[in-house]
Every structure is written in C-alpha cells, then in structure tokens.
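Shown next, in structure tokens, is the structure this report addresses.
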Amino acid sequence: MRNNFKIPYIYAFFILFVLMIGGFCNKTHAQQDPLYSQYMFNTLPMNPAYAGSKGMMSMMILGRKQWLGFEGAPTTASFSIHSPIWANMAGGASLIYDTYGPVNLTSAYGDYAYHLKLNEKIKLSLGLKGGFNFYSIDYNKLDRTIQADEAYNGEVEQVLMPNFGFGLFMYSSRFYLGLSVPRIMENVYEEASETYGEGKEFRQYYGMMGVVLPLSEHFVLKPSVMTRLASGAPLSIDANINTIIQDKIWLGVMYRLNDSFGGLVQYQISQQLRVGYAFDLNTNALSSYHSGSHEIMLNFDFNFQKDKVFNPRYF
C-alpha cells in the first residue's frame with residue numbers, strides 16, 4: 001500500500017508543473033532575478049516551501065561574478081538561512097545584493113513553510129514569502145550619446161517595493177519537485193514616457209525537480225532541472241548532472257538552454273561544512289566579450305544534536 005500512494009502524488013505534481021508551464025508559455029520583458037549555477041543546493045530564494053526541508057538549520061553564502069571582463073555585468077552576493085521551527089512549521093530568510101550597470105538591487109525576504117506528511121517517506125511543503133526589493137538606479141553611470149540629456153542628468157532614483165510570493169515543494173530523501181512564484185506583484189518603478197518604456201518587475205514562474213540515484217556504495221548520481229519563465233522572455237531551462245563520490249566530492253556539469261554550459265566542483269569538508277565553485281561559458285554571441293562567469297558557495301548545516309548522526313542530504 002505504501003508504494004501505491006507514491007505514484008499518484010508524483011504524477012499529480014508533475015501534471016501540475018506541466019500545466020503551469022504550458023499555461024504561461026504564450027506570454028511573451030527580460031528576466032530580472034539573479035542567475036545561479038549552484039541553485040539546486042539551496043532553492044530558498046526562488047521557493048519559500050524549501051524552508052526546513054533539510055530537517056536542521058542550514059545557512060548558505062554565495063557570490064557570483066557574471067561575464068568576467070564585461071563592463072556593467074551582473075555581480076551577485078546572497079545569504080540565506082532556514083530551519084524547522086516547531087512541529088511541522090519552518091522559517092527562513094534571504095538577503096540578496098545584485099548590481100548590474102547603473103542598477104543596485106537589495107532584496108530582503110522572510111519565508112514560512114508548513115510541511116505535510118503524505119506518507120512515511122514523502123512530504124509536501126507549502127510556503128509563503130514576503131519582503132521587499134530596494135532599487136537604486138544611478139543614471140550617471142550610463143554612457144550617453146547626448147551628454148545634455150536632461151532626463152538622466154545627475155539623477156539617482158531610489159525605490160522601495162514590497163512583494164510576496166508562494167511555493168510548493170514535494171520531497172523525500174531521494175527526489176524533489178517544486179513550483180513557485182517568488183514575486184507576485186508586478187510593481188512599476190518607472191512610468192512609461194514617449195521616449196522610454198515602462199520599468200517594472202515582471203512576475204516569474206519556477207519549476208524544479210531532481211532525483212538521487214545511488215549507483216554503488218561510493219557513487220551517487222543526481223540529475224536535476226529547473227525552468228524559469230518571465231512575461232515577455234523565452235522559457236529558460238537549466239539541466240544539471242552531479243556525481244557524488246563517497247559523500248565527499250561533488251563533480252557536475254550544467255547546460256542552460258540556448259545560453260551557456262559549465263561545470264562545478266564541491267567538497268564536503270565535514271558533516272556540516274561544504275564549499276563549492278562553479279564556472280560557466282556562454283554559447284551565444286556574448287561569449288566573445290567576456291571570460292566566463294564564476295561562482296563560489298559556502299554551506300553550513302548546524303547539527304545541534306552532536307550525538308545524532310544525520311543521513312547525507314543531496315539537496
């Protein structure tokens with residue numbers, strides 16, 4: 001009877017994922033959320049329902065330098081922490097600083113998740129996210145063809161925009177499936193004019209899934225995929241395959257549809273501490289103008305029960 005319950009839940013969740021993507025594919029505004037190559041190790045910034053899924057407090061620091069050598073390219077730093085709180089409830093928080101060209105974006109969000117036990121192995125988490133984005137746009141950093149353009153002469157705009165989102169996350173020790181909309185409100189930070197279009201935050205939809213496949217006592221294979229869809233932008237798909245060797249060394253490759261490819265390496269220093277590095281190169285015309293994107297990650301899991309041995313967690 002236990003096995004009979006697994007399949008319907010997984011299929012229903014997958015159908016929901018397909019319907020969501022299909023329903024929004026006809027909407028065609030550029031993607032605004034920061035990109036990560038190591039997203040699969042902490043999806044909290046994209047999905048609040050991920051909070052507490054590790055069963056212990058977990059903290060991650062991540063830094064990314066995109067398109068090294070390209071002037072005005074995005075640079076991102078993020079900090080996130082989440083933990084079970086009480087009974088089936090969990091909480092988390094994330095802080096992201098992202099800069100690109102004249103724009104500095106600081107995001108601060110809190111997360112709440114409630115975990116439902118579907119059976120002895122599978123749980124479904126329902127998550128809510130709330131916080132704000134703070135934009136600082138320095139038009140002095142723009143290279144203007146007409147220096148006397150009064151529209152951008154010595155102006156720095158600062159805008160605080162609250163927002164909220166939600167997510168679903170189904171998981172066991174061997175797989176996960178997630179759906180989320182981290183920002184629901186499409187806030188306008190610059191009104192449209194006769195010369196320039198409207199500046200606004202566009203709603204983004206995420207779907208993610210992964211599975212853990214033990215190949216032997218010392219080797220584990222972990223493929224995963226994440227989709228992102230924003231109004232006015234093509235569907236983005238990230239596909240990754242990681243090999244875990246003796247629960248210590250992680251080696252992986254990634255491909256971002258019509259955009260880039262790369263690899264990552266991670267080392268489990270201790271049961272609680274893991275460090276990682278990722279590198280990716282563009283496959284489009286941008287590859288001629290930079291020397292790749294670099295990303296470093298530090299993950300620490302707080303084991304307050306020193307006498308308790310935790311099973312390895314792969315996501």
Side-chain angles (χ1 to χ4, degrees), residues 30-47 50 54 58-82 92-101 103-107 109 178 180 182 204 206 208 210 222-228 230 236-245 248-269 272-284 286-301 313-315:
Q31 180 174 306
Q32 296 168 321
D33 289 350
L35 292 174
Y36 304 103
S37 294
Q38 301 176 86
Y39 69 87
M40 71 293 292
F41 300 102
N42 186 5
T43 61
L44 187 67
M46 290 85 74
N47 191 338
Y50 182 77
K54 279 194 169 185
S58 182
M59 178 186 72
M60 177 174 288
I61 300 172
L62 188 145
R64 178 178 174 86
K65 180 65 177 179
Q66 193 162 318
W67 306 337
L68 190 65
F70 190 94
E71 186 177 356
T75 298
T76 306
S78 72
F79 168 82
S80 60
I81 187 168
H82 64 101
S94 57
L95 181 65
I96 300 174
Y97 179 76
D98 192 36
T99 177
Y100 48 94
V103 179
N104 292 326
L105 169 62
T106 302
S107 299
Y109 281 85
S180 64
Q204 305 215 17
Y206 287 85
M208 57 197 71
K222 180 182 172 289
S224 62
V225 64
M226 182 173 73
T227 64
R228 296 180 302 275
S236 175
I237 301 176
D238 283 29
N240 304 76
I241 297 180
N242 288 283
T243 300
I244 303 100
I245 304 170
K248 284 286 185 181
I249 301 173
W250 300 59
L251 299 174
V253 293
M254 61 80 67
Y255 175 71
R256 185 170 294 127
L257 184 65
N258 298 324
D259 183 85
S260 57
F261 71 94
L264 67 87
V265 58
Q266 295 189 354
Y267 183 69
Q268 191 80 37
I269 297 176
Q272 296 173 277
L273 180 62
R274 184 167 78 239
V275 296
Y277 167 78
F279 172 79
D280 55 87
L281 283 170
N282 281 98
T283 56
N284 52 33
L286 278 174
S287 61
S288 303
Y289 301 95
H290 65 85
S291 55
S293 301
H294 303 261
E295 188 176 290
I296 56 174
M297 182 207 75
L298 176 67
N299 176 230
F300 192 85
D301 294 329
R313 288 302 306 266
Y314 301 111
F315 52 85

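Computed from a predicted model, the values in this text were never measured in an experiment.
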How long is the span from the [atom1] atom in [X] to the [atom2] atom in [Y], to the nearest 0.5 Å?
X: Met59; Y: Phe300; atom1: CE; atom2: CZ; value: 7.0 Å
X: Asn299; Y: Ile269; atom1: CG; atom2: CD1; value: 11.0 Å
X: Asn258; Y: Asn282; atom1: CG; atom2: CG; value: 11.5 Å
X: Ser80; Y: Leu44; atom1: OG; atom2: CG; value: 5.5 Å

Looking at residues at least two apart in the chain, or sitting in another chain, which of them share a side-chain contact (heavy atoms from CB on, under 4.5 Å) with [X]?
X: Gln268; answer: Lys248, Trp250, Arg274
X: Tyr277; answer: Val265, Phe279, His294, Ile296
X: Ser107; answer: Ile96, Leu105, Tyr109, Asn133
X: Tyr97; answer: Thr99, Asn104, Thr106

Minimum side-chain heavy-atom gap [X]-[Y] below 4.5 Å:
X: Arg228; Y: Met46; answer: no
X: Glu295; Y: Gln38; answer: yes
X: Asn242; Y: Leu251; answer: no
X: Phe315; Y: Ser224; answer: no
X: Met226; Y: Ile237; answer: no
X: Thr75; Y: Tyr100; answer: no
X: Met208; Y: Thr43; answer: yes
X: Ser37; Y: Arg256; answer: yes

Q: Check step by step if side-chain contact (heavy atoms from CB on, under 4.5 Å) holds for Leu298 and Leu273.
A: CA-CA 8 Å; Leu298 176 67; Leu273 180 62; 3.2 Å; yes
Q.
Run the side chain to side chain donor-acceptor pair (under 3.5 Å) test against Tyr39 and tell me which residues pass, sequence neighbours left out.
A.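 Counting only residues at least two positions away or on another chain, Tyr39 forms a side chain to side chain donor-acceptor pair (under 3.5 Å) with Asn240.
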Q: Compute whether any side-chain donor of one residue and acceptor of the other, for Asp301 and Ser58, lie under 3.5 angstrom apart.
A: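 Yes, a side-chain donor-acceptor pair sits under 3.5 Å.
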Q) When you check the gap from the basic side-chain N to the acidic O, do Arg64 and Asp98 get nearer than 4.0 Å? A)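 No, no charged N to carboxylate O under 4.0 Å.
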Q: State whether the side chain of Thr283 and the backbone N or O of Asp259 hold a donor-acceptor pair below 3.5 Å, judged by distance alone.
A: yes
Q | Residues which pass ring pair (Phe, Tyr, Trp, His ring centres under 6.0 Å) with Tyr267, listed by chain and number, not counting sequence neighbours | A | none
Q: Sort out for me which residue in Phe41, Phe79, Tyr36 forms a side-chain contact (heavy atoms from CB on, under 4.5 Å) with Leu62.
A: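 For Leu62, the side-chain contact (heavy atoms from CB on, under 4.5 Å) check succeeds only for Tyr36.
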Q. Can you check side-chain contact (heavy atoms from CB on, under 4.5 Å) on Leu264 and Met254, steps first, answer last?
A. CA-CA 8 Å; Leu264 67 87; Met254 61 80 67; 5.9 Å; no
Q: Please report the C-alpha distance between Leu281 and Phe261 in whole Å, then the side-chain angles of each, then the deciding distance to 0.1 Å, and finally whether the side-chain contact (heavy atoms from CB on, under 4.5 Å) criterion is met.
A: CA-CA 6 Å; Leu281 283 170; Phe261 71 94; 4.2 Å; yes
